[in-house]
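Please read the structure below before turning to the comments.
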Amino acid sequence: MTHSSIHAMIDRAFLDELSAEESADLRAHLSSCPGCRARYNRLMVAERVLSGGPAAVGRASERELDAARVRVFAAIDRDQRRAGRPLRAWLGGLLVATAAAAAAALFFVAVPPRGLEGEGTFRVRGATPGVRPATLRAFCVDGAGQARELSPEAPACPLGGLLELALANQGKYRHVFVVGVQEDLSPRWYSPRPPEERSVEAPPAEEGQVPFGPSIRLAVNHHAGPLVVHALFSDVPLAAADVTRAIQRSGKPDGAPLELGAGVEERSLRLEIAP
Amino acid sequence: MTLFVDRRELLAPFRAGERRALEETYVFYAPTVASFLSRGFTFHSGGVLRRFRGYRQPFDLDNALAETFVRAFREPARLSYDGLNPYKSYLLAISRNLVIDELRGKEVSMTALSDDQGHGPLEELVEEPRAEEDLLAKELAGLVSRFVGRLRDRDQTFFRARFEESKTQVEAGLEAGLSHMQARTLEKRLRSRFLGFLHSSGYLEGYADPTSEASR
């Protein structure tokens with residue numbers, strides 16, 4: 001596409017004459033062309049002032065909100081088509097009265113003594129009574145776009161899938177460090193991500209359980225086999241070097257604590273990446 | 001009003017991913033999320049309090065707005081929402097994390113952020129005056145005024161009602177003595193004429209092309 005044809009598309013976007021496909025083509029071009037993007041932005045700002053006056057110059061117009069809505073639901077429709085079914089809850093009986101209760105049932109499970117390790121493929125470490133609470137949940141989105149929460153009954157996520165994590169910081173920790181470990185003991189940095197090397201800000205307690213961090217592509221830097229995800233909550237940020245040393249000291253990833261000292265509350269999930 | 005608290009019956013269909021519930025959620029919260037993304041916020045990174053100044057340009061704002069809701073409407077996120085705390089907070093957290101993830105992926109953008117020692121953590125920023133935007137707003141206000149001044153009376157009446165007073169097409173049409181069909185046709189024509197006017201005024205030429213986002 002030439003710049004003049006893009007300029008013509010930008011004009012048609014202003015006049016609301018683009019099809020969904022043309023809009024997608026235009027946005028794809030604009031994402032990599034600063035000159036055309038500047039022209040687009042200038043015209044869309046004119047739309048803002050046209051419909052909302054000078055005060056609206058920095059505010060999304062109704063048209064922008066509506067155009068974004070179309071894109072949101074186009075993305076949802078694509079997910080549905082990939083999944084081959086309409087969107088509906090898969091959760092069934094796991095959707096209990098409150099998510100807090102569900103989290104408690106999943107995470108506050110007694111851990112067997114070390115001699116019994118290896119029995120079962122999914123073990124969760126929970127909080128000791130009296131310790132400030134925090135929770136970690138994991139969801140698997142498979143190649144067909146189907147999502148499910150990982151559980152002791154179903155701990156496996158395929159190598160081609162996405163792992164999505166959710167945290168709740170009821171104990172009001174200031175920081176969290178989320179890392180994955182497989183049998184090679186090499187850390188997979190989820191949050192922070194390089195070049196950051198210190199714990200990131202933990203989600204505020206009042207927000208409850210929230211998705212945390214970007215989706216984790218298991219096909220990148222992971223292999224089939226056990227994966228332990230550690231969420232390390234603390235008030236003082238941890239350094240990546242300290243977490244790495246703790247991983248090396250802990251040996252085989254079996255969900256055992258990383259032992260980063262007092263002041264660090266750990267939640268871990270032992271999952272299985274299926275080939 | 002807090003949507004899922006005041007409209008409890010919406011929560012189950014929302015969690016189930018029913019289209020009408022998602023649409024209603026979007027319509028209700030999109031202006032709030034857009035406002036949050038354009039105002040910016042503070043956050044900690046590398047032990048330093050930083051400030052994200054907000055997406056002011058439509059392209060970036062629209063992308064972030066759409067991506068926020070795509071993430072929020074995915075099954076894991078819908079099911080992670082506990083239905084007890086305000087959904088607004090949950091949604092804005094998704095939005096904030098999306099922005100921070102993006103910024104952390106771009107080293108240049110991270111170093112370009114201002115280090116703001118004067119604010120408390122995570123406070124939402126009030127609307128800040130921005131000189132560049134003020135100039136642009138004045139320029140556009142002048143152009144709109146010149147454009148409207150050239151319209152004949154009926155078209156002026158419709159234009160003011162529709163665009164300045166934000167009335168619906170039907171209401172603006174009634175004020176100008178037009179049927180809905182006529183109002184729709186007139187609006188399309190006025191937009192096209194306004195676009196032509198912007199072209200002829202030079203508004204779409206001769207501006208600086210930013211090589212990085214003006215908001216960072």
Side-chain angles (χ1 to χ4, degrees), chain A residues 11 14-15 30 34-35 37-46 49-54 57-60 64-65 67-69 71-73 75-76 87-91 95 98-100 137 139 141 147 149 164 166 192-193 195-196 198 201 203-204 206-214 237, chain B residues 15-17 22 26 30-31 34-35 38 43-47 56-59 61-62 65-66 69-71 73-77 79-85 89-90 93-94 97 101 104 107 122 130 133 136-138 140-141 144 163-164 166 188 191-192 194-195 198 203-204 207 209-211:
Chain A
D11 284 352
F14 179 81
L15 298 173
L30 296 179
R37 189 165 65 243
R39 186 183 185 91
Y40 173 87
N41 282 328
R42 203 152 162 90
L43 199 48
M44 291 305 117
V45 169
V49 173
L50 181 68
S51 52
V57 71
R59 206 158 61 220
E64 285 175 76
L65 298 181
R69 181 186 61 79
R71 287 167 56 212
V72 167
F73 288 96
I76 289 173
L87 270 178
R88 64 171 185 269
W90 56 267
L91 197 56
L95 188 61
T98 66
R137 295 167 79 178
F139 299 85
V141 182
E149 183 162 9
E164 302 206 13
R193 288 201 158 180
E196 294 293 324
R198 291 165 71 82
E201 191 180 316
E206 58 270 20
E207 289 175 3
Q209 195 130 73
V210 292
F212 196 79
Chain B
R15 281 197 172 134
L22 299 183
Y26 178 89
S35 179
S38 66
F43 65 100
H44 285 91
S45 177
R56 305 299 282 191
Q57 297 297 331
F59 185 76
L61 176 59
D62 299 349
L65 175 66
F69 281 95
V70 167
R71 289 187 181 196
F73 288 170
R74 283 197 183 124
E75 211 160 30
L79 300 176
S80 282
Y81 172 58
D82 65 10
L84 301 173
N85 291 294
S89 303
Y90 185 75
I94 292 173
N97 290 341
D101 286 343
R104 285 193 171 130
E107 288 187 47
L122 296 178
R130 295 166 190 250
E133 276 184 10
L136 185 57
K138 284 194 173 85
L140 280 165
V144 170
F163 295 112
E164 292 176 10
S166 299
K188 200 168 166 153
R191 275 190 179 275
S192 185
F194 183 64
L195 178 62
L198 290 178
Y203 172 75
L204 290 172
Y207 51 87
D209 292 353
T211 55

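Chain A is the first sequence line, chain B the second, and so forth, proteins listed ahead of strands; every chain is numbered from 1.
Across A:Arg59, A:Arg71, A:Arg198, the residue that shares the most heavy-atom pairs under 4.5 angstrom with chain B is A:Arg71. Ranking B:Ala66, B:Pro58, B:Ala137 against chain A, the residue ahead of the rest is B:Pro58, based on heavy-atom pairs under 4.5 Å. When the candidates B:Ala93, B:Ala77, B:Ala34 are compared by the number of heavy-atom contacts under 4.5 Å with chain A, B:Ala93 comes out ahead. Contacts with chain A were tallied for B:Leu61, B:Val70, B:Leu195, B:Val144; B:Leu195 has the most, counting heavy-atom pairs under 4.5 Å. Taking chain B as the reference chain and counting heavy-atom pairs below 4.5 Å, the highest number among A:Leu15, A:Leu30, A:Val141, A:Asp11 is found for A:Asp11.
Proximity to chain A involves both the backbone and the side chain of B:Asp62, based on heavy atoms less than 4.5 angstrom apart. Proximity to chain B is limited to the side chain of A:Val49, based on heavy atoms less than 4.5 angstrom apart. Neither the backbone nor the side chain of A:Pro237 has a heavy atom closer than 4.5 Å to any heavy atom of chain B. Both the backbone and the side chain of A:Ala60 come within contact range of chain B, judged by heavy atoms closer than 4.5 Å. Only the side chain of B:Ser166 comes within contact range of chain A, judged by heavy atoms closer than 4.5 Å. Of the two parts of A:Arg69, the backbone and the side chain both hold a non-hydrogen atom closer than 4.5 Å to a non-hydrogen atom of chain B.
The aromatic rings of A:Tyr40 and B:Phe59 stand perpendicular to each other, their planes meeting at an angle above 60°, with 30° marking the opposite boundary. Ring geometry, A:Phe73 versus B:Phe73: the interplanar angle falls from 30° to 60°, so the pair is classed tilted.
The shortest heavy-atom contact between A:Ala46 and B:Leu198 is CB-CD1, 3.8 Å.
Within the model, atoms CZ of A:Arg42 and CD of B:Gln57 stand 10.0 Å from one another, a figure rounded to the nearest 0.5 Å. The distance from the CG atom of B:Asp101 to the CG atom of B:Asn97 is 6.0 Å, given to the nearest 0.5 Å.
The shortest side-chain heavy-atom distance between A:Met44 and A:Phe14 falls under the 4.5 Å cut-off. Using a 4.5 Å cut-off on side-chain heavy atoms (C-beta onward), B:Phe69 and B:Leu65 make contact. Side chains of A:Pro211 and B:Arg74 form no contact here, defined as non-hydrogen atoms less than 4.5 Å apart.
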